[in-house]
Protein chains: 2
Amino acid sequence: MNADYYLENPTFLVAVDCIIFGFKDKELHILLTRRPMEPLKGEWSLMGGFVEDNESLNEAAEKVLFRYTQQKGVYMEQVKAYGEINRDIGGRVISVAFYALVRLEEFDTSLAAKYDARWVNIRELPPLVFDHNQMVNDALTLLRYKVSMQPIIFHFFDKKFTLPALQDLYEAIYQMPIDKRNFRKKIVSMNILDKQEEKDKSSSKRGAYYYVFNKKKYEAFLREGKRFSL
Amino acid sequence: MNADYYLENPTFLVAVDCIIFGFKDKELHILLTRRPMEPLKGEWSLMGGFVEDNESLNEAAEKVLFRYTQQKGVYMEQVKAYGEINRDIGGRVISVAFYALVRLEEFDTSLAAKYDARWVNIRELPPLVFDHNQMVNDALTLLRYKVSMQPIIFHFFDKKFTLPALQDLYEAIYQMPIDKRNFRKKIVSMNILDKQEEKDKSSSKRGAYYYVFNKKKYEAFLREGKRFSL
DNA sequence: TCAAAAGTGTTTCCATTACACCCATGG
DNA sequence: CCATGGGTGTAATGGAAACACTTTTGA
């Protein structure tokens with residue numbers, strides 16, 4: 001299939017590694033596993049897999065994400081490619097990292113057992129194999145940038161969420177406290193959320209109203225020349 | 001060399017493609033070439049090359065940059081990896097794009113003939129092979145972001161530059177006019193430039209003072225907790 | 001009734017923007 | 001002497017940050 005000229009060149013194993021972010025207990029977590037094969041079998045690792053001939057990089061990442069989360073349509077974005085010669089001590093492998101935002105409410109805990117997976121608080125990350133810690137750092141940097149510029153933070157929730165929870169998540173992503181009134185003012189004043197009648201009473205007696213991201217309102221917001229900013 | 005498990009997986013040709021930016025005639029340009037081999041021989045293309053066994057991705061990009069610019073230590077940054085199955089019609093190739101900022105004052109024009117290369121104004125880009133136009137768009141987006149956040153704009157110059165030239169470059173990158181006084185105020189007030197005694201008289205009778213980026217001052221600037229911003 | 005979390009406005013401050021005139025010099 | 005580009009300061013605006021009290025309700 002390759003043109004003649006191309007055949008003179010070397011080929012490489014190509015992997016994808018996924019930094020899967022989830023929100024739990026007011027903290028940002030990532031899904032890690034014990035590496036199932038040699039070398040470094042049993043060490044902490046990101047979720048990954050090799051790219052197949054019939055897949056694009058995105059498709060390979062989607063495959064990995066589905067395998068470990070059973071969620072479809074997960075929000076996902078490429079971080080970058082990692083290609084140091086000895087980054088993988090088992091051989092020459094070029095890896096492309098992706099980060100993903102998953103809804104932890106719907107996470108199937110039986111998967112955790114099957115794949116020896118665990119949600120780990122990003123503030124308590126263990127050493128990971130190869131350059132995976134670097135990948136996590138790069139993913140976090142990119143996540144923070146994107147969250148501030150685009151309405152992707154809502155992908156952490158299954159549609160509805162309360163403003164206190166949204167703020168907890170925001171604080172977990174940026175690892176800094178933020179003023180409640182300023183936060184609410186900013187997000188509400190964009191007029192891209194719908195307040196629900198229903199309340200979440202799970203974390204207070206009074207209960208907090210649920211909100212829902214309204215895509216139509218967001219598109220109108222953009223049409224007015226406004227820019228999302230958190 | 002690869003561990004047993006790895007051998008079961010397919011391998012891929014991996015290329016690097018470089019979006020080489022230069023500043024000329026008050027406009028941002030990129031270095032393009034006529035593709036030297038089939039398929040699509042003769043079509044406009046980015047500067048690229050295949051990754052070799054003994055190179056990292058960065059090293060492969062540096063090799064390509066040196067080949068076409070003869071400059072060492074060029075500022076360079078990865079954009080992202082492109083892995084659609086049919087992105088290259090000659091075969092399955094995964095490509096990693098890099099952008100680079102080169103000093104056009106020192107560009108060796110004999111190279112242009114040798115490689116059929118040409119500096120093309122970014123506002124007049126022709127259709128490029130494969131997904132190269134997409135790569136350029138992504139590189140430009142990233143360049144704009146980085147220029148606004150980090151003092152990389154100075155890499156377009158060979159050390160010294162005038163403020164009018166710097167502003168012209170800034171306007172070329174963002175494709176928008178900007179107020180002269182505000183621009184100068186912002187850049188000068190950071191106190192990271194050294195004004196020279198010498199003037200550039202090439203574009204006016206009065207002449208414009210040269211300035212030089214002062215790395216020590218910039219580091220002090222950072223130590224004070226300040227952040228570069230243009 | 002009280003503890004615990006939800007909800008609500010105003011003022012201060014700083015960074016960005018808008019804006020117009022004088023200066024220096026070679027031809 | 002004048003045309004051309006280089007250089008300079010101040011006022012207005014708008015977004016970000018600081019800040020404290022009232023409300024609700026289950027236990």
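Numbered from 1 within each chain, the chains take letters A, B, ... in sequence-line order.
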_Modelled atom types, side-chain donor and acceptor of E198(A) and Y210(A), under 3.5 Å_ =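 Side-chain D/A pair, E198(A) to Y210(A): absent.
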*Charged N-O contact under 4.0 Å between D194(B) and K217(B)*: yes
*Does E224(B) pair with K226(B) as a salt bridge, N-O distance under 4.0 Å?*
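Salt bridge: yes.
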*Assess whether atom OH of Y209(A) is packed by more than 12 heavy atoms of other residues, nucleotides or ligands within 6.0 Å.*
no
*For K26(B), look at atom NZ and say whether over 12 heavy atoms of other residues, nucleotides or ligands are found less than 6.0 Å away.*
no
*Heavy atoms under 4.0 Å, any strand shown: does T162(A) hit a base, just sugar-phosphate, or nothing?*
nothing
*What is the nucleic acid contact for K180(A), judged by heavy atoms within less than 4.0 Å: base, sugar-phosphate only, or nothing?*
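Since a base atom lies under 4.0 Å of K180(A), the category is base.
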*Closer than 4.0 Å, any side-chain N/O of R184(A) to the OP1 or OP2 of dG7(C)?*
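Indeed, a polar side-chain atom of R184(A) lies that close.
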*Residue S204(A), side-chain atoms from C-beta onward, closest of dT25(D), dG6(D), dA6(C)*: dA6(C)
Without decimals, in angstroms, what is the distance between [X] [atom1] and [N] [atom2]?
X	N	atom1	atom2	answer
Y174(A)	dA17(D)	OH	C1'	17 Å
R206(B)	dC2(D)	CZ	C1'	15 Å
D179(B)	dA18(C)	CG	C1'	7 Å
K226(A)	dG15(D)	NZ	P	10 Å
F161(A)	dA6(C)	CZ	C1'	16 Å
K199(A)	dA6(C)	NZ	P	10 Å
I178(A)	dG7(C)	CD1	P	16 Å
K186(A)	dA18(D)	NZ	C1'	14 Å

*asked:* Check this for me: does the side-chain of K185(A) come within 3.5 Å of the base of dT10(C) through a donor and an acceptor?
replied: yes
*Does the dG27(C) base have a donor-acceptor partner in the side chain of K205(B) within less than 3.5 Å?*
no
*Residue whose nearest DNA chain C nucleotide is more 5′ - N182(A) or G207(A)*: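 The residue mapped nearer the 5' terminus is G207(A).
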